[in-house]
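Comments concern the structure below.
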Amino acid sequence: MFTEQLPLRVDPYKMAKAASEFQTSLSLADLTRVAELLTHTQGVLTLQLSFAIDPQGIRTISGHIQGEVEVLCQRCLQPMPWTLDSEFTWGIVHQDADAANLPRAYEPVVLEGEELELLPVLEDEVILSLPQAPYHKAGDCKLDLSQVHVEETASKAAPSKENPFSVLKKLKQKH
Ligand SMILES: [Zn+2]
């Protein structure tokens, strides 16, 4: 397997004929649409891509994206670590209508012209493998549901109690 810079635009037919393989890394900061969904963009994702021609003559690109990212917990709005690990096989088609003829295991990627821009398709792949509504596991979440309940009960009971600040005032006056 080659380790080299992945070109941003590829000719999938040439690459498939050459059975090209890449092992590279993607900077999170370069994935602008992905970055919007993350709490920070430090770090990289590792990427493996293999171009091939399957027995039916379909040009395919198989890939594996892995990495550690942080998304925002929708309950407590604090960062939540998420391990990305996505394997996929793209089947190259020339129009949307051809997608129906692809084997089910392939995700259709429409090639307009001769070259394919890899980054937008890779971004789609990463976005699909992020959780749609991320929540910490119970116990990890800063906003514990049992605590919310306690706070609500406390605030309901508050009017009958003495204001804690006036208690403080009294204590200060004594000393
Ligand atoms: Zn949380």
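First listed ligand is number 1; within each ligand, the first listed atom is number 1. If you read the sequence from its start, that first residue is 1, and numbering goes on from there. Because only heavy atoms are used, hydrogens play no part in the values below, and waters and symmetry mates are left out as well, while side chains stay in.
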Closest non-hydrogen atom pair, Ala52 against Ala16: O-CB, 3.5 Å

Test item: [X] and [Y] side chains (from C-beta on) under 4.5 Å apart, heavy atoms:
X      : Y      : value
Leu102 : Trp90  : no
Thr46  : His64  : no
Asp96  : Val110 : yes
Val69  : Leu130 : yes

Residues, nucleotides or ligands: over 12 heavy atoms within 6.0 Å of Glu114 CD: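 No, because the 6.0 Å sphere around CD of Glu114 holds 12 heavy atoms or fewer from other groups.
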
Atoms of protein origin (N, O or S) under 2.8 Å from the Zn ion (ligand 1): Cys73 SG, Cys76 SG, His136 ND1, Cys141 SG

